[in-house]
Amino acid sequence: MAGAAVLRRSARRVARQVAAAHSLSRSALQQPERLLSSQASPEHGPRGAVSGSELALYPPERVRNFSIIAHVDHGKSTLADRLLELTGTIQKGHGQPQYLDKLQVERERGITVKAQTATMFYRHNTTSQDSDGQKYLLNLIDTPGHVDFSYEVSRSLAACQGALLVVDAAQGVQAQTIANFYLAFESNLSIIPVINKIDQPTADPDNVKEQLKRLFDIDPSEALLTSAKTGKGLEQVLPAVIARIPSPPGKCDSPVRMLLLDSYYDEYKGVICHVAVVDGALRKGDKIASAATGRAYEVLDVGIMHPELTPTGVLYTGQVGYVISGMRSTKEARIGDTLHQAKSTVEPLPGFKPAKHMVFSGLYPADGSDFEALSHAIEKLTCNDASVSVTKETSNALGMGFRCGFLGLLHMDVFHQRLEQEYGAQVISTIPTVPYIFEYGDGSKVQVENPAALASNPGKRVVSCWEPTVIATIIIPSEYVGPVIMLCSERRGEQLEYTFIDAQRALLKYRLPLKEIIVDFYNELKGITSGYATFDYEDSEYQQSDLVKMDILLNGQPVDAMATIVHNQKAQRVGRELVEKLKKFIERQMFEITIQAAIGSKVIARETLSAMRKNVLAKCYGGDITRKKKLLEKQKEGKKRMKRVGSVDIPQEAFHELLKVSNSK
């Protein structure tokens with residue numbers, strides 16, 4: 001037995017020695033690979049430290065600021081990954097795919113929500129004999145592709161002098177491609193067309209070149225053919241960026257001026273601001289001031305995103321980076337503000353156009369005692385998402401909450417999801433509405449964002465109403481033109497344009513009421529076109545319309561959080577659907593619940609939720625009928641008393657269902 005134990009110990013010792021030798025040999029084999037990856041960028045190792053003296057080697061003429069713009073799912077984030085790997089900013093195979101998509105909501109949905117910046121260092125060989133080449137600093141900004149986040153795109157383009165317009169080689173030009181092209185074109189940016197995904201079996205780059213020529217007057221010879229997935233053609237992208245995109249304008253010897261591009265809140269460092277240095281240089285320890293608020297700050301830390309926060313101690317003219325200045329309140333970091341040297345007078349930089357909110361919704365804590373926690377969560381999140389407007393409001397049904405303005409329904413949905421995931425907030429959201437204008441008989445006009453605020457005042461008669469409209473661009477395969485035209489007609493649309501992009505695809509432009517598209521229009525459009533339709537919209541003017549306010553009443557009491565404004569022709573059908581949905585989701589009580597939809601004093605739909613009741617006749621076996629009637633009358637009186645003092649709890653699911661119904665066709 002002792003000998004067997006000795007043999008077992010000896011065998012274990014030999015096994016450990018073999019495993020160690022195997023590990024050592026594997027490490028030795030991997031050493032050259034690690035050495036090669038570390039030589040990807042000789043000046044700066046991957047995610048290595050960068051000093052201010054190294055940044056000084058890049059004057060404005062050696063800096064290029066560019067963004068990547070495209071329709072959803074055309075390969076922007078994958079292309080950004082490949083460029084980061086090509087320059088040695090991140091190591092190939094290390095980290096997660098779509099490296100710059102850092103939010104959990106972006107990972108789950110597979111879309112880009114926040115524009116992200118990364119600084120890359122690149123050695124450009126001008127000729128085949130030039131072995132050393134010139135070193136360039138490239139600032140890349142990956143932007144969202146969905147129409148709801150076009151404000152993020154416009155802010156990103158303000159820090160750039162050029163853009164890569166990425167188009168899928170199989171899908172071709174889509175609705176958001178057109179919208180993003182014109183955003184870049186109006187900003188006077190140099191545009192480099194990149195036809196991506198050429199490795200796909202259905203890729204047709206020649207057809208895409210023709211579309212670019214026909215729609216944007218882009219020379220087909222300027223388009224770059226790439227596959228971000230396989231790496232094919234990527235070697236020509238960065239040389240094209242250096243050759244075709246101009247260097248940032250700016251005066252190196254002027255006092256520092258910076259454009260505040262974005263900001264977010266960090267629990268330990270406070271507000272972190274992303275800035276583009278337009279003039280001068282910014283150093284750690286400098287005193288800076290805000291042109292908007294006039295408040296002064298000391299620069300505690302400054303650096304670049306390489307691709308994570310990398311302190312450098314200085315930022316020079318034309319460079320994009322971050323600044324930590326001790327801002328503790330998110331209200332101090334105003335997007336589009338000019339930051340400049342303290343105690344000096346500078347001309348403020350042109351900021352951004354204010355975000356135009358298209359959808360308004362009420363946000364309330366699921367538990368009324370969590371109002372302060374929700375308030376802090378919204379304040380911190382709006383620092384990172386400046387396109388949301390927030391005002392406090394009170395509802396009789398839901399208590400204290402907030403009325404928030406969003407750029408679209410997906411924007412609202414993502415905001416709710418980030419509140420829950422990043423801050424643990426549990427919220428109830430009301431039916432989304434759009435801003436209407438009502439005119440009274442005395443000539444006064446009022447803009448209504450919350451239907452509950454439109455009081456039924458007998459002394460003031462509404463004489464006319466206006467609702468916001470949008471110009472919608474829809475690109476579809478030509479065989480789906482008929483169903484799409486029918487859908488737009490049902491949504492009270494007015495056709496403005498009907499053209500063919502090529503033999504297979506048509507472009508439709510419609511003027512549609514914003515109310516008709518904010519909830520389920522896009523889903524229905526995708527459904528009737530088998531997922532092939534692309535949709536984009538831009539805001540247009542207000543148009544006169546026949547609108548009415550519809551209230552939901554429970555036992556005769558209006559629920560202000562469920563009030564909505566609908567078109568008069570749809571009021572009866574929408575009201576009937578609303579009360580039917582509520583009947584399914586409200587729990588039965590010990591008393592009868594009457595659910596009504598009403599316009600003014602006129603009830604247009606009604607459902608009754610019967611009471612739960614005890615069988616009081618169970619103990620009566622035969623006997624006089626008057627005894628049974630007496631027991632039933634007694635129970636009936638008790639139910640009436642309960643109805644007077646009872647309250648009805650509306651579950652959160654009911655609000656979500658109303659959201660789906662409130663704009664159904």
Side-chain angles (χ1 to χ4, degrees), residues 71-72 111 144-151 174-176 178-179 355-361 387 404-416 429-437 448-449 451 465-476 480-481 483-498 506-529 531-547 564-571 573-574 577 656 658-665:
H71 188 79
V72 179
I111 59 173
H146 195 279
V147 57
D148 280 11
F149 304 103
S150 57
Y151 185 67
Q174 305 283 304
Q176 196 63 23
I178 298 173
K356 186 159 186 179
H357 302 109
M358 311 287 276
V359 177
F360 290 84
S361 175
S387 54
C404 300
F406 304 96
L407 303 182
L409 200 72
L410 177 64
H411 184 209
M412 182 184 85
D413 198 18
V414 166
F415 189 84
H416 291 176
S429 57
T430 61
I431 301 171
T433 63
V434 300
Y436 300 98
I437 295 176
V448 177
E449 296 163 0
C465 322
W466 286 269
E467 64 178 341
T469 63
V470 296
I471 304 296
T473 303
I474 304 169
I475 296 178
I476 49 171
Y480 297 110
V481 167
V484 171
I485 289 177
M486 190 177 298
L487 173 65
C488 294
S489 299
E490 289 172 354
R491 298 302 178 100
R492 299 187 284 129
E494 173 193 352
Q495 190 178 104
L496 303 177
E497 186 180 338
Y498 175 21
L507 185 148
L508 297 172
K509 278 199 174 183
Y510 269 85
R511 175 177 283 109
L512 288 158
L514 177 59
K515 172 70 174 176
E516 298 287 348
I517 69 168
I518 62 170
V519 174
D520 64 341
F521 179 82
Y522 187 55
N523 290 339
E524 209 160 321
L525 179 66
K526 282 284 189 182
I528 64 174
T529 60
Y532 287 112
T534 62
F535 173 67
D536 178 55
Y537 61 86
E538 58 187 74
D539 61 290
S540 185
E541 73 272 1
Y542 276 73
Q543 71 177 15
Q544 198 162 359
S545 187
D546 184 13
L547 304 172
T564 184
I565 294 172
V566 296
H567 193 270
N568 201 10
Q569 293 178 353
K570 293 188 170 186
R573 177 163 44 82
V574 172
E577 291 178 5
H656 294 318
L658 291 190
L659 186 149
K660 296 175 186 176
V661 173
S662 62
N663 197 35
S664 59
K665 68 184 181 72

Quiz prompt | Ser361 side chain to Thr430 backbone, donor-acceptor under 3.5 Å | solution =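 Pair found, side chain donor or acceptor close to backbone of Thr430.
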Practice problem: Examine distances only and state if a side-chain atom of His357 and a backbone atom of Ser387 form a donor-acceptor pair shorter than 3.5 Å. | Solution: yes
Would you say [X] and [Y] make side-chain contact, with heavy atoms under 4.5 Å?
| X | Y | value |
| --- | --- | --- |
| Tyr436 | Cys465 | no |
| Arg491 | Ile517 | no |
| Thr564 | Val574 | no |
| Tyr510 | Ile485 | yes |
| Ile474 | Leu525 | yes |
| Lys570 | Lys515 | no |
| Cys488 | Phe521 | yes |

Quiz item: Is there a donor in the side chain of Glu467 and an acceptor in the side chain of Ser545, or the other way round, less than 3.5 Å apart?
Solution: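 Checked: Glu467/Ser545 side chains pair up, N/O donor to acceptor below 3.5 Å.
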Quiz item: Do NZ/NE/NH1/NH2 and the carboxylate oxygens of Glu541 and Arg511 come within less than 4.0 Å?
Solution: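 Salt bridge between Glu541 and Arg511, a charged N being under 4.0 Å from a carboxylate O: yes.
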Quiz item: Who pairs with Asp539 by salt bridge (charged side-chain N to carboxylate O under 4.0 Å, His left out), at least two apart in sequence or on another chain?
Solution: Lys356
For residues [X] and [Y], report the shortest heavy-atom separation together with the two atoms involved.
| X | Y | result |
| --- | --- | --- |
| Tyr542 | Pro435 | OH-O, 3.1 Å |
| Ile528 | Pro483 | CD1-O, 3.6 Å |
| Glu449 | Thr433 | O-OG1, 2.8 Å |
| Ala175 | Thr473 | CB-O, 3.8 Å |
| Ser429 | His416 | CB-CE1, 3.3 Å |
| Gln544 | Trp466 | N-CD1, 3.4 Å |

Hey, could you give me the [atom1]/[atom2] distance between [X] and [Y], rounded to the nearest 0.5 Å?
| X | Y | atom1 | atom2 | value |
| --- | --- | --- | --- | --- |
| Gln176 | Thr534 | CD | OG1 | 9.0 Å |
| Leu487 | Glu516 | CG | CD | 10.0 Å |
| Ile471 | Glu494 | CD1 | CD | 8.0 Å |
| Gln174 | Ile475 | CD | CD1 | 6.0 Å |
| Glu538 | Lys509 | CD | NZ | 6.0 Å |
| Leu547 | Ile437 | CG | CD1 | 11.0 Å |

Quiz prompt | Val481 and Tyr498: CA distance, side-chain angles, deciding distance, side-chain contact (heavy atoms from CB on, under 4.5 Å) verdict | solution = CA-CA 10 Å; Val481 167; Tyr498 175 21; 3.3 Å; yes
Quiz item: Is Gln569 atom CD crowded by more than 12 heavy atoms from other residues, nucleotides or ligands, each under 6.0 Å away?
Solution: no
Quiz item: Parallel, tilted or perpendicular: which describes the rings of Phe535 and Tyr537, with under 30° parallel and over 60° perpendicular?
Solution: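 Because their plane-to-plane angle lies in the 30° to 60° range, the rings of Phe535 and Tyr537 count as tilted.
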